[in-house]
Amino acid sequence: MTLSERVKTVIVNPAFLLLIYVLFAIIASIQAVNNPVGPAPNGVVYTDYNNYVIFKYSFSHIVNGKPLYILYHQEYWDLYKYSPAFALFFGLFAWLPDVIGLSLWNILNAVVLYISIRRLKLSENSKAVILWLCLIELMTSMQNAQSNGLMAGLMILALASMERRKIIGATLWLVIATFIKVYAAAAFIIFLFYPQKLRFIGYAALWTVLFAVVPLVVLTPVQLADQYHGWMVMMSEDRTISYGLSVMGWLDSWFGLGNLKTFVTIAGIILFFVPLIHFRNYKDTAYQLLFLAHILIWVIIFNHKAESPTFIIAVAGAGLWYVTAPQAIWRTVIIWLVFLVTVLGHTDAYPPMLRQSIIYPYVLKVVPCIICWIAVMYDLLLFPAKRLKYR
């Protein structure tokens, strides 16, 4: 066996990839805990893992009947934006020392994403390509203690479960994802591709009711209703204040079209459903994988709150598209753009001056993902199922 063959054997080895993912999660956690952050203007010293602190305190707030969706400047900056059920779930980590709890949280994100990709019906090489493409972007998410690796993993797991006709699991993963971030509800559309649709809807409804009412173990019905009202108000107000690293952000920064936000939102919703016109392809596995890639990229590039750590979801979709669609040089060029600009664009791979003067203000991180999404739409609309194949 030659040296190159030995290296290839190692880098596609599932155990080696899992070890790398776990090590990156631990490194990101230790780095965040040991990164000093100066005091804020109000005198409070915030951490470099503020999102984890928000999650941790949300558990304390919900068990003590405090409102979740208001500012607590003495504890953290920014708002808690997830469901009451997620706040209750975070009790699994909240009692632990931060370095341990944060490490376990990041490991959960990394392992769920790893398992989800491993569960797809792809070749070993294809799975390895997606995992390596996602690694640095996942690190960015974990350095910010965010839930995006978990989100991507749950949506991919749902399709992998449906492929195996495990409807209970598929609906569970989707409902969990939706109760973390509501845009995951877009992935429920995959039920159209499989039989037993009524059973899917029934289990989805059952899990939804269960997660909606589970906070009643610590809240009264009135308190829970108030929490949901606060959540809706917060999300409604939050939507109006930014464009994010999104299609809207790109249009505003490049062309000054900030007044088209409503139009872009409506257009994005319509375009989401357009590929479904090819109903004869619904049963084709490659078509299903491409549509999942479409979902994973769409929920980010049309998200007004998209920020750098959320792009692990879109990058996972880009990788899934690349290994599923027919081989072509132009597709390889696009995936390299995703890696060089989206994945590396907000890292130290580029000098700070370049990032501050070009990459950040012109929201370049989203541009390759927009190009990739257009390519996914092209494949879904113009390629018949017989031409879609695994690599």
Side-chain angles (χ1 to χ4, degrees), residues 1-28 106-142 148-161 163-164 173 285-286 288-297 311-344 347 349 368-369 372 375-376 379 388-391:
M1 184 181 292
T2 65
L3 178 60
S4 62
E5 289 173 336
R6 290 177 181 175
V7 171
K8 183 178 179 180
T9 300
V10 172
I11 63 176
V12 301
N13 182 277
F16 176 72
L17 281 163
L18 176 59
L19 176 62
I20 293 296
Y21 265 58
V22 172
L23 284 176
F24 268 56
I26 295 172
I27 291 169
N106 279 333
I107 288 172
L108 176 65
N109 277 261
V111 170
V112 169
L113 179 59
Y114 169 87
I115 291 173
S116 71
I117 294 169
R118 291 290 309 162
R119 294 281 290 171
L120 292 172
K121 292 181 179 179
L122 295 168
S123 69
E124 292 299 313
N125 286 346
S126 294
K127 294 173 185 177
V129 167
I130 301 173
L131 287 167
W132 282 112
L133 178 66
C134 288
L135 184 59
I136 296 175
E137 196 62 56
L138 175 65
M139 185 69 164
T140 299
S141 179
M142 294 189 298
N148 301 301
L150 179 60
M151 291 290 296
L154 289 170
M155 287 190 280
I156 296 170
L157 267 179
L159 185 133
S161 297
E163 286 180 336
R164 293 167 173 79
W173 309 138
T285 303
Q288 295 163 3
L289 291 172
L290 278 178
F291 200 90
L292 177 61
H294 161 61
I295 295 171
L296 293 171
I297 301 172
F311 272 77
I312 179 57
I313 300 171
V315 170
L320 186 56
W321 160 75
Y322 181 67
V323 302
T324 304
Q327 295 185 29
I329 293 175
W330 64 269
R331 290 189 176 88
T332 301
V333 170
I334 290 174
I335 208 66
W336 272 105
L337 281 174
V338 169
F339 178 72
L340 293 173
V341 180
T342 298
V343 174
L344 298 182
T347 71
C369 291
C372 187
V376 175
D379 286 331
L388 302 176
K389 56 183 181 296
Y390 302 131
R391 276 192 278 210

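As a basis for the values below, the full set of heavy atoms in this structure was taken, side chains included, without hydrogen atoms, waters or symmetry mates.
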Peer 1: For N109, what residues pass the side-chain hydrogen bond (donor to acceptor under 3.5 Å, both in side chains) criterion, not counting sequence neighbours?
Peer 2: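 N109 satisfies side-chain hydrogen bond (donor to acceptor under 3.5 Å, both in side chains) with no other residue.
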Peer 1: Taking P14's backbone N and O only, do any of them form a donor-acceptor pair with Y114's side chain (distance below 3.5 Å, no angle check)?
Peer 2: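 Present.
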Peer 1: Treating W321 as the side-chain partner and I297 as the backbone partner, does any N or O pair qualify as donor plus acceptor under 3.5 Å?
Peer 2: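 Side chain of W321 to backbone of I297, a donor-acceptor pair under 3.5 Å: no, none is there.
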Peer 1: If you measure from OG1 on T285 to CG on L159, what distance do you get to the nearest 0.5 Å?
Peer 2: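 Going from OG1 on T285 over to CG on L159, the span is 8.5 Å.
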Peer 1: With sequence neighbours excluded, what pairs up with R119 under the side-chain hydrogen bond (donor to acceptor under 3.5 Å, both in side chains) test?
Peer 2: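 Expected list: none.
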Peer 1: Can a donor-acceptor pair be found, under 3.5 Å and without considering hydrogens, that links the side chain of T347 to the backbone of L344?
Peer 2: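 Yes, the answer is positive, given that a donor and an acceptor are paired below the 3.5 Å cut-off.
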Peer 1: I want to check something: taking the side chain as every heavy atom from C-beta on, are R331 and P326 in contact at a cut-off of under 4.5 Å?
Peer 2: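 In short, these two side chains touch, coming nearer than 4.5 Å.
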Peer 1: Over all heavy atoms of both residues, which pair between L296 and M155 is shortest? Give the atoms and the distance, please.
Peer 2: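 That would be CD2-CE, 3.8 Å.
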Peer 1: Please report the shortest heavy-atom distance between A293 and G317, naming the atom on each side.
Peer 2: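 Closest pair (atom of A293, atom of G317, distance): CB-O, 3.2 Å.
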Peer 1: Taking all non-hydrogen atoms of both residues, which atom of V338 and which atom of C372 are closest, and how far apart?
Peer 2: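 That would be CG2-CB, 4.3 Å.
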Peer 1: Are side-chain heavy atoms of N106 and F24 found at a separation under 4.5 Å?
Peer 2: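 SC-SC contact between N106 and F24 ruled out.
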Peer 1: Decide side-chain contact (heavy atoms from CB on, under 4.5 Å) for L17 and W132; before the verdict, give the C-alpha distance in whole Å, the side-chain angles of both, and the deciding distance to 0.1 Å.
Peer 2: CA-CA 8 Å; L17 281 163; W132 282 112; 3.3 Å; yes
Peer 1: How many angstroms lie between atom CD1 of I156 and atom CH2 of W173, to the nearest 0.5 angstrom?
Peer 2: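 Answer for the CD1-CH2 pair, I156 versus W173, is 14.0 Å.
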Peer 1: Considering residues at least two apart in sequence or located in another chain, which fulfil the side chain to side chain contact (heavy atoms under 4.5 Å, CB included) criterion with I26?
Peer 2: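 If we apply the side chain to side chain contact (heavy atoms under 4.5 Å, CB included) test to I26, skipping adjacent residues, the hits are V22, I30, I107.
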Peer 1: Give, for atom CD1 of I312 and atom CG of L135, the distance between the pair rounded to the nearest 0.5 Å.
Peer 2: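 Interatomic distance, I312 CD1 to L135 CG, rounded to 0.5 Å: 8.5 Å.
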Peer 1: Suppose the criterion is salt bridge (Lys or Arg N to Asp or Glu O under 4.0 Å): which pairs have a residue in residues 129-139, not counting sequence neighbours?
Peer 2: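 Of all non-adjacent pairs touching residues 129-139, those that pass salt bridge (Lys or Arg N to Asp or Glu O under 4.0 Å) are E137-K365.
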Peer 1: Within this structure, what is the CG-CZ distance for the pair L113 and R118, rounded to the nearest 0.5 Å?
Peer 2: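 That separation rounds to 12.5 Å.
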Peer 1: Sequence neighbours excluded, which residues qualify as side chain to side chain contact (heavy atoms under 4.5 Å, CB included) partners of L19?
Peer 2: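 Testing L19 for side chain to side chain contact (heavy atoms under 4.5 Å, CB included), a comparison that skips the adjacent residues, returns L23.
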Peer 1: Exactly one of I130, N125, L120, L289 should register a side chain to side chain contact (heavy atoms under 4.5 Å, CB included) with V323. Which one does?
Peer 2: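 Checked I130, N125, L120, L289 against V323; only one passes side chain to side chain contact (heavy atoms under 4.5 Å, CB included): I130.
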Peer 1: Mind checking side chain to side chain contact (heavy atoms under 4.5 Å, CB included) for L133 and listing every partner two or more places apart, or none if nothing turns up?
Peer 2: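 L133 satisfies side chain to side chain contact (heavy atoms under 4.5 Å, CB included) with V315, I335, F339 once adjacent residues are dropped.
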Peer 1: Of all residues at least two apart in sequence or in a different chain, which pass the side-chain hydrogen bond (donor to acceptor under 3.5 Å, both in side chains) check with T140?
Peer 2: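 None.
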Peer 1: If I compare all heavy atoms of S141 with all of G149, which pair ends up nearest, and what's the gap?
Peer 2: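 S141 and G149 have their closest heavy atoms at OG-N, 4.0 Å.
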Peer 1: Can you tell me how far the CD1 atom of I117 sits from the CG atom of L157, to the nearest 0.5 Å?
Peer 2: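 So the CD1 of I117 and the CG of L157 are separated by 9.5 Å.
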Peer 1: Which distance, rounded to the nearest 0.5 Å, do you find between the OG of S161 and the CG of L154?
Peer 2: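 Reported value, rounded in 0.5 Å steps: 10.0 Å.
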Peer 1: What heavy-atom pair brings A128 and V12 nearest, and what distance separates the two atoms?
Peer 2: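 So the two residues come closest at CB-CG1, 3.8 Å.
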Peer 1: Using modelled atom types and a 3.5 Å cut-off, is there a donor and acceptor pairing between side-chain atoms of Y21 and backbone atoms of L138?
Peer 2: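 Such a contact is absent between Y21 side chain and L138 backbone.
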